[in-house]
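We name chains A, B, ... by the order of the sequence lines, and we start the count at 1 in each one. Worth knowing before you read on, the calculation uses all heavy atoms, side chains too, and leaves out hydrogens, waters and symmetry mates.
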Amino acid sequence: MVPSLSDEAMGVELEKSAVYGHKFSTVVPAEATGDAVTRELTNMDLIMKLHYLRAVYYFKQSEVVDGLAITDLKEPMFPWLNVYYPVTGRIRTEAGSRPLIKCNDCGLRIIEAKCSRTLEEWLSVEDSSRWRPLVPEKVLGPELHFSPLVYIQFTRFKCGGMAIGYSWAHLLGDAVSATNCINLWGKFLKGNPSLETLRLSNHQKKAESPAKHVKAPQKPVPVKQVKLAGECWQAPDTCKMATCSFKIAETDLKKMQGEKQNHVPPFAMISALIWKCLAKNGNDRESKSATICRNSTSLKSSDMLTNNLKASTITLDSSAANIDLLELATLILKHELDELESIDELIDRNSGKPDFVLYGANLTFIDMEGIDLYGLELKGQTPVQVDYNIDGIGDEGAVLVLQGRGRTDLTGSIQERTVMVTLPEDQINQLRGVLSSEFGIA
Amino acid sequence: MAVPVFQGAVKFAYRFLVNNLVTLFLATAMTAIAWTLHRLGQDNIVDYSWWLLQQKPVESLGVAFFVSLVATVYFMSRPRPVYLVDYACFKPPATCRVPSATFIEHTKLINKDEKSVQFQTRILERSGLGEETCLPPANHFIPPNATMEASRAEAQLVIFSAIDDLMKKTGLKHKDIDILVVNCSLFSPTPSLSAMIINKYKLRSNIRSFNLSGMGCSAGLISIDLARDLLQVHPRANALVVSTEIITPNFYNGNQRSMLLPNCLFRMGAAAILLSNRRREARRAKYRLTHVVRTHKGADDRAYRCVYEEEDGEGHSGISLSKDLMTIAGEALKSNITTLGPLVLPMSEQLLFVLALAGRKLVNPKWKSYLPDFKQAFEHFCIHAGGRAVIDELQKNLSLTAEHVEASRMTLHRFGNTSSSSLWYELNYIESKGRMRRGDRVWQIGFGSGFKCNSAVWKCLRTIKPTVDGPWADCIDRYPVQIPEVVRL
């Protein structure tokens, strides 16, 4: 049974009040970064500036977690931020000039909170918005000069479990950068003296040569221009969005493909699946085109903080509803993604304007499989669950495909994917209906 | 017309003659007597002495007795020397660091009054504080988490770190501490901080402990003075002096401008000093205390009220600084050096001063008063790092060079205004730079509420090698730094 909207809304409200006792503080890098150090924002950074990554890592109660007081959690952050000092900076915008980050060591905001529920009770709620009270919903602005780029919230559950909420402004870097950043903190927490010497290399803007002759034919960049409402760096809400999430096991995906030698990988399958479901009910545009987005997971130290995304739009001849599932999945798999070079022409070099959204400009499928979400360790203990979402998604909606936590049961090890879908409210319910009735996915 | 100003060689000759007048006189006299004796011949002297003893025994013995009496009285009434064996300053951990940008951001979030925030921003931009000053953990919260427990925690952190450091450096045992003096102006719990130290280190039950509170930023030198007096009364004793200021309970939550300065400038710090009058400590002691001069201008109402703790219109408690502060500080300093001058200045400077004074009084009132050159009396100056204005003012008044005030400016930059312990951070800076040589004289000047100006003069007993362990150990190579007039935040 699909829960009604008001029940869901009420569920969220209840959860919000279950988290209380908020205390705010700041952590800064251990060493002074120095005078007048700035970090330039590339065109890609500026395109992503209206998006925010929100992650919540859930840790079960254990001796390790009990033994970690807030001072133990904060202490390794100081040397950690020596490495990632730009995340402690603040945006500087002078009228008419390009925004940049002033690396003034202003700091990360840390929030401590308590929850009157136990971790088990919390995780048993499959409500996709359950993570909201556990991570700050902040955006940059209205005072850009005083808005932290990253927030971390530590929520202690009644049973002793802990949730770590992590909010990351996308202009700093993509999900790979964000995850590597927080995972490094986990390594500092464990204690590893060799990490002290890690350093970010100088952030180099890709040589943005002015108006180079365009290679014909250049694919259009899958972004949409928006007008900011007010001083905040937040995409305007033109329609109410909702999220839902579900898990799909790899084996289920394989079953859908039948007996085949080369199985289509999960991301393509899931994207095709959801696209078909949406196309059944959705409008023409959605049924015919969608953007595929992938993070680059190659880890070079010079790329520790970077927006290294590839995206491009697939346009179909007819509605996705009419295309066979496997065929659609293969199309998605084989579609080539671009480096997004042509964004240089979209953004004015001097002012950094106009403002764009990438995720949600079209129906966007974001491949986050390669991201080491469960790599955040608290002295060896890994999270039991990670909720991940992106705020600031445009009206066409987005689908994130994330690595699930591997489980083992009687049949062996199960690999699954977590899918988080953000869509206009009415479409969410319809999607759920279709998924459960036609594919048996709750 | 004024006292003529001498140049170069003439100046040098004048100073040499006047300062060494007594020595020169005695040297001449002794040479004359030796020559006369030599001329008389050895046998003649012996015969004459015998004759004197036989003929006038009473007078001879009387003279001998008198001479020994005078010598004994002289040696007995000399004050016991007070040695500074060693001292240690608290090095704040990186987890307490407060960059300027963070301070302003927190101020903005706590204080809704835009004008106050701008005022504090302007102060911080011109303050001369660097990016590494530290506030206690409670002040990193928005709003600050100022509980009694947090205040005690800060006190324990800063004081115990400094004392542990000192004990390691000097090998001091807990049972060897005879006198304990603690000064902390704005935090005075029950039991006192001195009791807290006695409890932690299991000090003797017959210890003489004192806890000075409310005496302001100059209380560090008051503690030294008290310890010195006690060391005159108690033979073969060690005195532990702890100077600190606890920041946690003193955050000002209101908007009155005169009370916002302490929030911006005061930072965490503490110092522990071991003083002793034991003869054997003379061998390893760093300094000997030669003078302490205390000046209190509290009899003047203006001076009394210039640093005043009170509640503002909204009931927030804070320390209000009056606009006359620099003038009053200048007057207090003048009073202090009037007393200190004759004790430390060489004869050459004193003579000039007296001549100028006599000239003003007797010859022509228009003669300029002569400001003695204190650079002749001291090699090093430690001026309380109360704020940039204080250091600037003193540099001007005493005609000091940039190098003389470098220790004060750099301490303000690296550690902020740590109140009574700042003098010890400054001394440590000078030592860490390898500038402290045997025989050097140091002048520590502290200012504080009351209004008080206190001076202490130390003489260095051994050249101190620059690999000094202390709060400057990891950053001394970066100093001195050029501190701009205004730092844009």
Side-chain angles (χ1 to χ4, degrees), chain A residues 21-38 69-83 85-92 94 101-113 136 138 140 142-149 151 154 188 196, chain B residues 91-112 114 117-118 120-121 124-125 129-147 149-150 153-154 157 248 413-416 474-475 478-479 481-484 486-489:
Chain A
H22 294 81
K23 285 203 272 197
F24 300 87
S25 57
T26 307
V27 294
V28 300
E31 287 163 19
T33 297
D35 292 330
V37 176
T38 54
I70 188 66
T71 40
D72 301 314
L73 294 166
K74 279 188 187 174
E75 214 181 290
M77 290 190 182
F78 291 86
W80 168 56
L81 292 173
N82 273 345
V83 181
Y85 62 89
V87 312
T88 61
R90 295 290 183 268
I91 302 284
R92 281 288 183 268
E94 307 303 320
I101 297 180
K102 183 170 179 182
C103 299
N104 57 9
D105 296 347
C106 204
L108 298 188
R109 195 73 77 233
I110 305 290
I111 301 149
E112 298 163 63
K138 305 281 189 177
L140 295 170
E143 303 233 33
L144 285 169
H145 292 205
F146 295 104
S147 299
L149 298 166
Y151 293 78
F154 296 102
F188 269 101
E196 309 271 335
Chain B
K91 167 97 191 280
T95 52
C96 290
R97 184 181 157 226
V98 178
S100 309
T102 318
F103 182 87
I104 299 298
E105 190 169 280
H106 278 220
T107 306
K108 234 182 130 51
L109 290 167
I110 298 164
N111 195 333
K112 301 301 171 208
E114 187 59 37
V117 176
Q118 280 175 7
Q120 290 186 74
T121 310
L124 208 55
E125 285 176 344
L129 262 70
E131 296 293 312
E132 293 176 283
T133 62
C134 294
L135 283 173
N139 286 55
H140 292 255
F141 285 88
I142 306 163
N145 182 24
T147 58
E149 195 191 322
E154 184 196 341
L157 172 65
T248 304
H413 184 267
R414 173 63 181 84
F415 295 101
D474 65 347
C475 59
R478 284 190 269 130
Y479 285 90
V481 289
Q482 186 59 19
I483 305 174
V486 180
V487 178
R488 282 268 156 255
L489 289 176

Taken to the nearest 0.5 Å, the spacing of B:His106 NE2 from A:Thr26 OG1 works out to 2.5 Å
NE2 (B:His140) and NZ (A:Lys74) are apart, to the nearest 0.5 Å, by 8.5 Å
Over 12 foreign heavy atoms within 6.0 Å of NZ, A:Lys138: no
Okay, A:Pro29 and chain B: the region with an atom under 4.5 Å from a heavy atom over there is both
Here the pair of heavy atoms bringing B:Glu132 nearest to A:Ala32 is CG-CB, 4.1 Å
Minimal heavy-atom distance between B:Phe141 and A:Ser25, with the atoms involved, is CD2-CB, 3.8 Å
Looking only at B:Pro143, B:Pro137, B:Pro99, most heavy-atom pairs under 4.5 Å shared with chain A are made by B:Pro99
Honestly, the part of A:Phe146 sitting under 4.5 Å from a heavy atom of chain B is both
Closest non-hydrogen contact found for A:Asp105 with B:Arg97 is OD2-NH2, 2.7 Å
d(A:His22 NE2, B:Ile142 CD1) to nearest 0.5 Å is 13.5 Å
So, the part of A:Glu31 with a heavy atom under 4.5 Å from chain B: the answer is backbone
**Asked** Is the CD atom of A:Glu112 crowded by more than 12 outside heavy atoms at less than 6.0 Å?
**Response** yes
Value for CZ (A:Arg90) from OG1 (B:Thr102), rounded to nearest 0.5 Å, stands at 7.0 Å
In terms of heavy-atom contacts, does CG of A:Asp72 have more than 12 from other residues, nucleotides or ligands at under 6.0 Å?
yes
In terms of heavy-atom contacts, does CD of B:Glu149 have more than 12 from other residues, nucleotides or ligands at under 6.0 Å? no
Cut-off 4.5 Å, heavy atoms of chain A, and the answer for B:Leu109 is side chain
Residues B:Glu105 and A:His145: closest non-hydrogen pair is OE1-O, 4.4 Å
